[in-house]
Q: 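I have a structure here, written as structure tokens, and I will follow up with some questions on it.
Just so it is clear, the model here is predicted, and its values are computed rather than measured. Just the heavy atoms: all of them, side chains too, but no hydrogens, waters or symmetry mates, feed the values below. Reminder, nothing fancy here: chain letters follow the sequence lines and each chain counts from 1.
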Amino acid sequence: MHRPIATTRSAAGLPTGRLAIWWVLVTEIFIFGGLLAAYIMHRLAHDAWAGHAEHTNIYAGSFNTLVLLTSSLSAVLAHKAAEEGNGPKAAKLLGLTMLGGVIFVTVKAFEWAGEIQLGYTILTNTFWSFYYTAAGLHACHVIAGVVIMGFVAAAARKGEELQRVELIGIYWHFVDLIWIFLFPLLYIAR
Amino acid sequence: MSELHHPNYVKIWAILCVLLVISVLGPLAEIRILTLITAFGIAIVKAYLVAKNFMHLDVQPRFVLLLLGTSLAFLLLFFAGVAPDVMKAEGTGWRKPSYEYHEIEHPSEKDDEHVSH
């Protein structure tokens, strides 16, 4: 069967797949950037928000940051393995990255359950609205990344479509990068 | 697939972890400027390390940098344009009556109060 070879097609000096993922990230910059910019404006205008931030769980936030940083390491090592043509190794490393994503979401679920139990819901005040919206949107991206990574890993195990390992890796690092900014904004700045 | 120079990723990860510890410990001193530096300054350094070494942004074509740079510039423009309206309570000929912040009592305290009555 004849199939188009995306890896060899190039636009603007880079493979079309990679070009597409950078465009996706540009849209993500506007989604998260707009949200964070709005949060920062309100946070700077309302000193009382520092008091609300004291009720977020810094231990859960720190642990999740460590988990995401570690999953980024396995993602980039998977990319390296894919470049070396070692599909099964890339698949294993992507599996570790997926595990990191699952741990992240699980910790977040427990964290949110605790906060909701204490009465801090998305309706409590504007700080908590931002908190649940920003962290929730980010968690959705983590879940989407894990699901897509599952398909990429399955193909990589058979040595197929190895260029996709790099693409999902770039997406995953971006998700990590967003959390790097969400963490101090929601947990540390009190 | 392009051939990349792969740095020592484990070493970069270790640096990121050390920076994470500093960003958590720094604000414990409760000095505002130290909090800003350790929390947000370090976040920028961490983001740079991830973008450069993990996303390999340094070896991407100039086009990609322009793409990302333009989106960030527009984001800054959005911030600059909207911030005065959002952050100020009043200006020349206008005032936001609903702007005053009303402290919302601790939800669990509210529950306790409810139970005690």
Q: For the interface with chain B, which of A:Leu73, A:Leu25, A:Asp176, A:Leu77 has the highest count of heavy-atom pairs at distances below 4.5 Å?
A: A:Leu73
Q: Using non-hydrogen atoms only, which part of A:Tyr187 is less than 4.5 Å away from chain B: side chain, backbone, both, or neither?
A: neither
Q: Could you tell me the separation between the OG atom of A:Ser74 and the CH2 atom of B:Trp13, rounded to the nearest 0.5 Å?
A: 10.5 Å
Q: Please step through side chain to side chain contact (heavy atoms under 4.5 Å, CB included) for the pair B:Lys46 and A:Leu177, ending with a clear verdict.
A: CA-CA 8 Å; B:Lys46 280 197 289 185; A:Leu177 216 134; over 6 Å; no
Q: Going by side-chain contact (heavy atoms from CB on, under 4.5 Å), name the residues that satisfy it together with A:Lys80, two or more places apart in sequence or in a different chain.
A: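 Counting only residues at least two positions away or on another chain, A:Lys80 forms a side-chain contact (heavy atoms from CB on, under 4.5 Å) with A:Glu84, B:His6, B:Tyr9.
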Q: On a heavy-atom basis, which atom in A:Ile188 and which in B:Ser23 lie closest, and how many Å separate them?
A: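 So the minimum-distance heavy-atom pair works out to CD1-O, 3.3 Å.
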Q: Can you measure from OG (A:Ser62) to CG (B:Leu25) and round to the nearest 0.5 angstrom?
A: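 Reported to 0.5 Å precision, the distance equals 9.0 Å.
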Q: Select, from A:Ile170, A:Leu69, A:Leu44, the one with the greatest count of heavy-atom pairs under 4.5 Å involving chain B.
A: A:Leu69
Q: B:Ile33 and B:Val45: same hydrophobic cluster, using ILVMFWY side-chain contacts below 4.5 Å?
A: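 Cluster IDs for B:Ile33 and B:Val45 differ.
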Q: As an exercise, state the distance from CG of B:Leu57 to CH2 of A:Trp22, rounded to the nearest 0.5 Å.
A: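 Here the interatomic distance stands at 4.5 Å.
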Q: According to a hydrophobic-cluster definition based on side-chain heavy atoms being under 4.5 Å apart (Ile, Leu, Val, Met, Phe, Trp, Tyr only), do A:Leu137 and A:Leu182 belong together?
A: yes
Q: Does A:Leu66 belong to the same Ile/Leu/Val/Met/Phe/Trp/Tyr cluster as B:Leu28, with side-chain heavy atoms less than 4.5 Å apart forming each link?
A: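 No, it is not one cluster - the side chains of A:Leu66 and B:Leu28 are not joined through contacts under 4.5 Å.
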Q: Please classify the contact between A:Ile29 and chain B as side chain, backbone, both or neither, with a heavy-atom cut-off of under 4.5 Å.
A: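 For A:Ile29, the contact with chain B is made by backbone and side chain together.
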Q: Check whether any side-chain heavy atom of B:Met87 lies under 4.5 Å from a side-chain heavy atom of A:His42, and answer yes or no.
A: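 A side-chain contact is absent here, since even the closest heavy-atom pair is not under 4.5 Å.
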Q: Counting a contact as any heavy-atom pair under 4.5 Å apart, which residues of residues 106-114 of chain A contact chain B?
A: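 The residues closer than 4.5 Å to chain B amount to none at all.
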Q: State plainly whether one hydrophobic cluster holds both B:Ile37 and B:Tyr48, where clusters connect Ile, Leu, Val, Met, Phe, Trp and Tyr through side-chain heavy atoms under 4.5 angstrom apart.
A: no
Q: Which bit of A:Thr27 is near chain B, if near means a heavy-atom gap under 4.5 Å: side chain, backbone, both or neither?
A: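 For A:Thr27, no heavy atom lies under 4.5 Å from chain B.
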Q: Determine, stepwise, if the pair B:Phe78 / A:Phe30 fulfils side chain to side chain contact (heavy atoms under 4.5 Å, CB included).
A: CA-CA 10 Å; B:Phe78 160 73; A:Phe30 285 114; over 6 Å; no
Q: Can you run down the ring-ring contact (aromatic ring centres under 6.0 Å, His included) pairs that involve residues 136-156 of chain A, sequence neighbours left out, and say none if there aren't any?
A: A:Phe32-A:His141, A:Phe104-A:His138, A:His138-A:Trp179
Q: To the closest 0.5 Å, what do you measure between OG1 (A:Thr65) and CG (B:Leu19)?
A: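 Rounded to the nearest 0.5 Å, the OG1-CG separation comes to 12.5 Å.
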Q: Got B:Asp85 and A:Met41 here, is their nearest side-chain heavy-atom distance under 4.5 Å?
A: no
Q: Of all residues at least two apart in sequence or in a different chain, which pass the side-chain contact (heavy atoms from CB on, under 4.5 Å) check with A:Leu185?
A: A:Leu36, A:Tyr39, A:Ile40, B:Phe40
Q: Should A:Phe174 and B:Leu65 be counted in the same cluster of Ile, Leu, Val, Met, Phe, Trp and Tyr side chains packed under 4.5 Å apart?
A: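 Same cluster.
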Q: Before you tell me yes or no, could you show the steps for B:Ile44 and A:Phe181 under side chain to side chain contact (heavy atoms under 4.5 Å, CB included), namely the whole-Å CA-CA distance, both residues' side-chain angles and the distance that decides it to 0.1 Å?
A: CA-CA 8 Å; B:Ile44 291 168; A:Phe181 287 105; 4.1 Å; yes
Q: Hey, are the side chains of A:Tyr171 and B:Met55 touching, using non-hydrogen atoms and a 4.5 Å cut-off?
A: no
Q: So which of B:Leu16, B:Leu67, B:Val24, B:Val50 has the biggest tally of heavy-atom pairs under 4.5 Å with chain A?
A: B:Leu67
Q: With a 4.5 Å limit on heavy-atom distance, are the side chains of B:His56 and A:Val76 in contact?
A: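 The answer is yes; the side chains approach within 4.5 Å.
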Q: Parallel, tilted or perpendicular: which fits the ring planes of B:Phe54 and A:His173, with parallel below 30° and perpendicular above 60°?
A: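 B:Phe54 and A:His173: tilted rings.
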Q: Which atoms of B:Val21 are under 4.5 Å from chain A, going by heavy atoms: the side chain, the backbone, both sets, or neither?
A: neither
